[in-house]
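As a basis for the values below, the full set of heavy atoms in this structure was taken, side chains included, without hydrogen atoms, waters or symmetry mates. When a ligand or atom number is given, it counts from 1 through the structure's own listing order.
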Amino acid sequence: MIIIKSGRDIEAMRQAGAVAAAVLAEVAGFVAPGQTTKAIDEFAASRIKSYNAKSAFLGYRNYPCHICISVNEEVVHGLAGKRQVLYGDIVSLDVGVLYQGFIGDTATTVVAGGCDIKVQKLLDVTEQALYKGISQAISGNRVVDISQAIQSHVEGNGFSVVREFVGHGVGRSVHEDPQVPNYVDGKNSPRLRPGMTLAIEPMVNTGSPAVKVLNDGWTVITQDGLPSAHFEHTVLITESEPEILTCREKILSSSKAR
Ligand code: MF3
Ligand code: CO
Ligand code: CO
């Protein structure tokens with residue numbers, strides 16, 4: 001059952017989304033070569049707390065960390081630990097916060113230092129695919145229109161989309177109906193209506209789409225060991241254009257002052 005949010009719930013979703021976005025921006029700025037994933041998770045925990053919010057992931061199905069940190073071949077649900085981020089690694093950060101009863105869910109993938117051009121293209125195409133999907137998040141369309149836009153952009157650029165994990169409705173719970181696949185699955189697809197809030201989240205692999213879960217029960221990696229990227233926004237379906245609830249403010253350089 002898809003939950004349609006009312007005016008007041010939408011206002012709360014906006015605030016939860018803003019907190020998630022702010023935390024993600026701060027954590028992204030913290031990632032650097034030499035940091036352990038544990039240190040990044042602890043930094044995230046302190047930032048979440050500073051907004052009087054709670055991690056929506058900690059304890060969710062017994063997930064043991066505050067955010068999901070997935071490095072290189074790790075696709076999603078990476079566990080923080082002693083692993084050190086190295087120069088050239090890509091680090092996916094997925095933040096879910098509970099704030100005033102609602103959840104904001106958002107992810108990005110950043111480079112530690114510098115990377116080669118193929119990896120940069122993976123990040124660019126994945127982020128572009130997210131926005132192609134969001135552009136289809138319009139009342140009257142179906143969920144599959146989002147899926148199709150993402151899949152065609154990704155595959156048209158020579159990359160592949162993960163099948164086993166999908167986007168989702170989000171609200172008082174992390175995962176609500178409907179599922180939002182990043183590929184056309186041929187199943188009946190719900191019609192989008194104003195007041196739906198969706199987490200749209202392409203997971204894109206450099207090589208094969210195949211993934212596996214490690215023995216820790218959480219960490220999802222690519223079967224071929226090649227890098228994977230993940231970008232995610234929480235989006236509100238409106239009467240007109242989609243509203244991104246997890247926009248990060250861009251901090252502009254001081255070039256204007258010069
Ligand atoms: N980050 C996932 C999503 O965006 C959910 C993570 S659940 C957790 O849907 F338990 F792994 F944290
Ligand atoms: Co997420
Ligand atoms: Co999500």
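No donor-acceptor contact under 3.5 angstrom links the side chains of Y63 and H77, judged on distance only. In this structure, a donor-acceptor pair under 3.5 Å is absent between the side chains of S92 and S70. Donor-acceptor pairing under 3.5 Å is recorded for the side chains of H153 and Q128. For D124 and Q120, the side-chain atoms include at least one donor-acceptor pair closer than 3.5 Å. For Y51 and Q15, the side-chain atoms include no donor-acceptor pair closer than 3.5 Å.
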List the steps and the verdict of side-chain hydrogen bond (donor to acceptor under 3.5 Å, both in side chains) for H66 and E42.
-> CA-CA 8 Å; H66 296 86; E42 282 170 359; over 6 Å; no
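Taking every non-hydrogen atom of D94 and a distance limit under 4.0 Å, the qualifying atoms of ligand 1 come out as 1 (N), 2 (C), 3 (C), 4 (O). Within ligand 1, counting atoms from 1 as listed, the ones closer than 4.0 Å to a heavy atom of H77 are 2 (C), 5 (C), 6 (C), 11 (F). Each of the following atoms of ligand 1 lies closer than 4.0 Å to a heavy atom of E232: 4 (O). Within ligand 1, counting atoms from 1 as listed, the ones closer than 4.0 Å to a heavy atom of D105 are 3 (C), 4 (O), 9 (O). Annotation for ligand 1: atoms under 4.0 Å from non-hydrogen atoms of H168 are 3 (C), 4 (O), 9 (O).
Nearest to atom 7 (S) of ligand 1 among the protein's heavy atoms is Y60 CD2, 3.7 Å. The nearest heavy-atom contact from the protein to atom 10 (F) of ligand 1 is Y63 CB, 3.2 Å.
Taking backbone and side chain together, H168 holds an N, O or S atom under 2.8 Å from the Co ion (ligand 3).
Closest heavy-atom approach to atom 5 (C) of ligand 1 within the set H230, H175, M203: this belongs to H175.
With the Co ion (ligand 3) as the vertex, OE2 (E201) and OD2 (D105) define an angle of 170°, rounded to 10°.
Residue contacts with ligand 1: W218 is included, with a non-hydrogen atom under 4.0 Å away. Not a single heavy atom of R61 lies less than 4.0 angstrom from ligand 1. Ligand 1 is approached by C68 to a heavy-atom distance shorter than 4.0 Å.
When the N, O or S atoms of E232 are ranked by distance to the Co ion (ligand 2), OE1 comes first.
The pair E11-R8 does not meet the salt-bridge criterion, since no charged nitrogen lies less than 4.0 angstrom from a carboxylate oxygen.
Partner of D89 under the side chain to side chain contact (heavy atoms under 4.5 Å, CB included) criterion, chosen from V119, V111, V71: V71.
In this structure, S189 contributes its side chain and V144 its backbone to a donor-acceptor pair below 3.5 Å.
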